[in-house]
Amino acid sequence: MIELLKLFFVFFKIGLFTFGGGYAMIPMIRQEMLQNDYLTLDQITQFIGIAESTPGPFAVNMATFAGYHTHGIVGSLFATLGVVLPSFLIILLIAYFSDRFLKTKPARAVLYTLKPLIVGLILSAGLSVVLHGVLGDFMTEITFDYIALIIFSVVFLVSLFYKKMSPIHMVLLSSILGIIFYGL
Amino acid sequence: MKKYIDIFYTFFKIGLFTFGGGYAMIAVMQDLIVEHKKWIDEEEMHELISISEATPGPFAINGATFIGYKHGGFLGSLFATLGVVIPSLTVIILISIFLEQFSSNVIIQNALKGIGAGVGVLIIKAFIKMGKKVKKNWYNLFFFVLAFVVSFFTSFSVVYLILLTALFAVSYQAIKGGDISND
């Protein structure tokens, strides 16, 4: 039980102190996993690859994996609960107070200014994902994956013709195209 | 009860089909929640993204909690968060059990590679949709370009970028008076 509580608190800490989404969590996850002997460096590296290609948030995937690896299914539940709880509580508080708070003039000014900022961040994220798919890890070594470019283009064109196409259908279409083109 | 099942099921779908991190999640929520279910509006979506960037934790959890609360109070937030987490939890437990088979199955690996290539479309389309809703003026253009350049070409923390911009907006509003969001 003590071990499970410790697992819970390690991931609670990770959930509480990592801002800015998935990849920002990697250094802290790595440090905590190694210090507590939950995973080896090789396992972490292997699992970062798996967490990237499976659905759902990176932090949750990582917590489930480390929890399962050390204490089975109960471990994965404790670790996942730990990593989810901080965001859940913080957002609950903010959502509760936001209606009154966000109507004030300074808050409106902040939201107005953050709007274009967010649109810029989304464009940057989208381009990074596309470039990463086609050129691999282009910061270190460029590899050109023309199949990825074909799949991207096909999904993009199809989504232009079927304006109502939902993201879920785009994901399904991409996976089918992946099986066909990479399987050839 | 029906409402909570709907919330749970919708977020379960989102959790199951969202590959490729937080920004892909934004794209999926924009489509499913804002445009189809209309549980929150465009303004609230921007609020949610701003709040998420400036608070800890994954966007999926922040988004589920926020939207669940707006639509169904505390229980709504609970069902939404459970819904978005359970698919990852189940998938990862299965993968942990069948790790060898998972890594060596060619069809699964090819499907995942395909998703990796196609998921960018989601984010680019979310960018186009959300970009259309921003008022076109020099002030907004400046912050759009700033965010793109800083996050694409540097490793400067997005959290600080958001906080500094918020600080600027409050000061600018105080100095300039009036209402900058109505210019």
Side-chain angles (χ1 to χ4, degrees), chain A residues 15-16 18-22 53-57 59-61 64-65 68 76 80 84 86-88 90-92 94-95 106 108-126 129-130 133 148 151-152 155-156 159 166-168 170-171 174-175 177-179 182-183, chain B residues 15-19 21-23 27-28 31 46 49-51 55-58 60-62 65-66 69 77 81 85 88-89 91-93 96 107 110-118 120-124 126-127 130-131 134 140 143-144 147-148 151-152 158-159 165-166 169-170 173 180-181:
Chain A
L16 187 60
T18 40
F19 290 79
S53 61
T54 46
V60 174
N61 295 347
T64 308
F65 184 73
Y68 182 85
S76 68
T80 305
V84 166
S87 331
F88 182 73
I90 291 171
I91 297 295
L92 211 54
I94 292 178
R108 283 219 315 273
V110 169
L111 287 173
Y112 177 77
T113 312
L114 288 182
K115 234 185 208 184
L117 198 80
I118 287 165
V119 174
L121 292 177
I122 294 177
L123 175 63
S124 158
V129 168
V130 175
I151 293 176
F152 172 81
V155 176
F156 191 73
S159 77
S166 86
I168 292 176
M170 291 186 207
V171 169
S174 307
S175 68
L177 291 174
I179 293 172
Y182 285 109
Chain B
L16 187 60
F17 285 101
T18 305
F19 293 77
Y23 285 94
V28 177
D31 184 85
H46 279 279
I49 301 171
S50 310
I51 293 168
T55 54
I61 309 299
N62 296 344
T65 309
F66 186 87
Y69 184 83
S77 71
T81 307
V85 167
S88 326
L89 189 75
V91 168
I92 297 296
I93 289 178
S96 304
I107 291 181
N110 286 344
L112 291 175
K113 271 192 338 215
I115 291 172
V121 177
L122 255 74
I123 307 178
I124 300 282
F127 155 71
M130 298 181 93
V134 175
N140 285 344
F143 284 101
F144 166 70
F148 176 74
S151 76
F152 195 78
V158 173
V159 184
T165 306
V170 173
Q173 169 71 68
I180 62 166
S181 61

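The structure displayed is predicted, hence computed values, not measured ones.
Contact detail for V119(A) and G131(B): the closest heavy-atom pair is CG1-CA, 3.8 Å. Minimum heavy-atom separation, A125(A) to I123(B): C-CG2, 4.3 Å. Between A169(B) and T113(A), the shortest heavy-atom distance links the atoms CB-OG1, 3.3 Å. Looking at every heavy atom in both residues, I151(A) comes nearest to G118(B) through CG2-N, 4.3 Å.
For the options P57(A), P106(A), A109(A), heavy-atom pairs under 4.5 Å to chain B are most numerous at A109(A). Annotation: maximal heavy-atom pairing with chain A below 4.5 Å, among V85(B), N62(B), T165(B), I107(B), occurs at N62(B). Top candidate by heavy-atom pairs under 4.5 Å with chain B, chosen from V129(A), I179(A), V84(A), is I179(A). Contacts with chain B were tallied for S124(A), G178(A), G56(A); S124(A) has the most, counting heavy-atom pairs under 4.5 Å. Top candidate by heavy-atom pairs under 4.5 Å with chain B, chosen from V130(A), V60(A), L111(A), is L111(A). Looking only at heavy-atom pairs under 4.5 Å with chain B, the residue among A95(A), G183(A), G133(A) that has the most is A95(A). With respect to chain A, the highest number of heavy-atom pairs below 4.5 Å among A60(B), A111(B), A117(B), G116(B) belongs to A111(B). Chain A forms the most heavy-atom pairs under 4.5 Å with one residue out of V170(B), I115(B), V134(B), L16(B), and that residue is I115(B). If you tally non-hydrogen atom pairs under 4.5 Å between each of G120(B), S151(B), S88(B), A27(B) and chain A, the highest count goes to S88(B).
For K115(A), the salt bridge (Lys or Arg N to Asp or Glu O under 4.0 Å) partners are E43(B), not counting sequence neighbours. Every residue two or more places apart in sequence or in another chain that forms a side-chain contact (heavy atoms from CB on, under 4.5 Å) with I93(B) is listed here: T64(A), Y68(A), I73(A), S76(A), L89(B), I97(B).
Using a 4.5 Å cut-off between heavy atoms, V171(A) touches chain B through backbone and side chain atoms alike. Interface remark: I94(A) contributes side-chain atoms only to the contact with chain B (heavy atom separation under 4.5 Å). With a 4.5 Å cut-off on non-hydrogen atoms, A166(B) touches chain A through its backbone and its side chain both. The parts of V28(B) that come within reach of chain A are both its backbone and its side chain, each placing non-hydrogen atoms under 4.5 angstrom from that chain. Interface residue L92(A): backbone and side-chain heavy atoms are both found under 4.5 Å from chain B. Heavy atoms of D31(B) lying under 4.5 Å from chain A belong exclusively to its side chain. Contact of F66(B) with chain A is made through backbone and side chain together, with heavy-atom distances under 4.5 Å. Contacts of T81(B) with chain A are made by side-chain atoms alone, with heavy-atom separations under 4.5 Å and no backbone atom involved. Proximity to chain B (any heavy atom under 4.5 Å) is shown, for L177(A), by neither the backbone nor the side chain. Looking at L123(A), the atoms closer than 4.5 Å to chain B (heavy atoms on both sides) sit in the backbone and in the side chain alike. For L112(B), the part sitting under 4.5 Å from any heavy atom of chain A is the side chain, from C-beta outward, and nothing else.
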Under the side-chain contact (heavy atoms from CB on, under 4.5 Å) rule, what do Y23(B) and L121(A) come out as? Steps first, then yes or no, please.
-> CA-CA 9 Å; Y23(B) 285 94; L121(A) 292 177; 3.6 Å; yes
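The structure places OG1 of T65(B) at 5.5 Å from CZ of F88(A), a figure rounded to the nearest 0.5 Å. Atoms CZ and OG1, on F19(B) and T54(A) in that order, are 7.5 Å from each other to the nearest 0.5 Å. Interatomic distance, CD1 of I49(B) versus CD1 of I118(A), reported as 5.0 Å (0.5 Å rounding). The structure places CG of L122(B) at 8.0 Å from OG of S174(A), a figure rounded to the nearest 0.5 Å.
Taking 4.5 Å as the limit, some side-chain heavy atom of N140(B) sits within range of a side-chain heavy atom of Y112(A).
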